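See below for the structure under consideration.
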Amino acid sequence: MTEDYIRPQSDTVIHLFSNVLDIIEFERHNIASILNSDMSHNHILVCVSPFYQENGRGALMDEFGNMLRGMRCEYKLEKHTDDWKNPFSCQVRIFVSAYY
């Protein structure tokens, strides 16, 4: 497999981040750096994870968004465990490149 094989063929690329941005060991700054360096594509990032109310882990998704240059948060949702019948929570962010 070569780099050309995975190179986007479209002007718009959708990235799905599910349950990784809230992992403390995940190197969000490396992904942000790659995305920041590519202005040849329009980027849509769909980020989903459980909502953690503690300051450290719960803020990681927003910290990732703050690392993204030229992108804005178009959608933000946070559901806490007391908002649902069942004991679970979620957070969703959709970031879109400003040059989109």
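Everything numeric here is computed off the predicted structure, so don't read it as measured data.
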Any side-chain heavy atom of Glu63 within less than 4.5 Å of one from Leu21?
-> no
What closest approach, in Å, do Gln91 and Phe51 show between heavy atoms, and which atom pair accounts for it?
-> OE1-CD1, 3.8 Å
Around Asp11, counting heavy atoms of other residues, nucleotides and ligands shown, do more than 12 lie under 6.0 Å from its CG?
-> no
Applying the 4.5 Å side-chain criterion to the ILVMFWY set and letting contacts propagate, would Val20 and Leu68 be lumped into a single cluster?
-> yes
Cluster link Phe26 to Ile34, ILVMFWY, side chain under 4.5 Å = no
CD1/Ile23 to CZ/Arg28 distance, rounded to the nearest 0.5 angstrom?
-> 9.0 Å
NE2 on His15 to CG on Leu45, rounded to 0.5 Å | 5.5 Å
Would Met61 and Met67 show up in the same hydrophobic cluster when neighbours are defined by side-chain heavy atoms closer than 4.5 Å?
-> no
Common cluster, Ile44/Val48, ILVMFWY with side-chain heavy-atom separation under 4.5 Å | yes
NE2-CD1 distance between His43 and Ile14, expressed to the nearest 0.5 angstrom | 12.0 Å
For the residue pair Ser97 and Met71, establish whether any side-chain heavy-atom pair is separated by less than 4.5 Å.
-> yes
When hydrophobic residues are tied together by side-chain contacts of less than 4.5 Å, even through go-betweens, does Val96 share a cluster with Val46?
-> yes
Report yes if the side chains of Phe64 and Leu35 come closer than 4.5 Å at any heavy-atom pair, otherwise no.
-> yes
Closest non-hydrogen atoms of Ser49 and Asn19, given as atom of the first, atom of the second and distance, are CA-OD1, 3.3 Å
Supply the atom-to-atom distance Ser33 OG to Arg69 CZ, rounded to the nearest 0.5 angstrom.
-> 7.5 Å
Please assess Asp62 against Arg93 for the test side-chain contact (heavy atoms from CB on, under 4.5 Å), listing each intermediate value before the final yes or no.
-> CA-CA 8 Å; Asp62 287 328; Arg93 305 285 187 281; 2.8 Å; yes
Residue pair Phe95 / Cys73, side-chain heavy-atom distance below 4.5 Å = yes
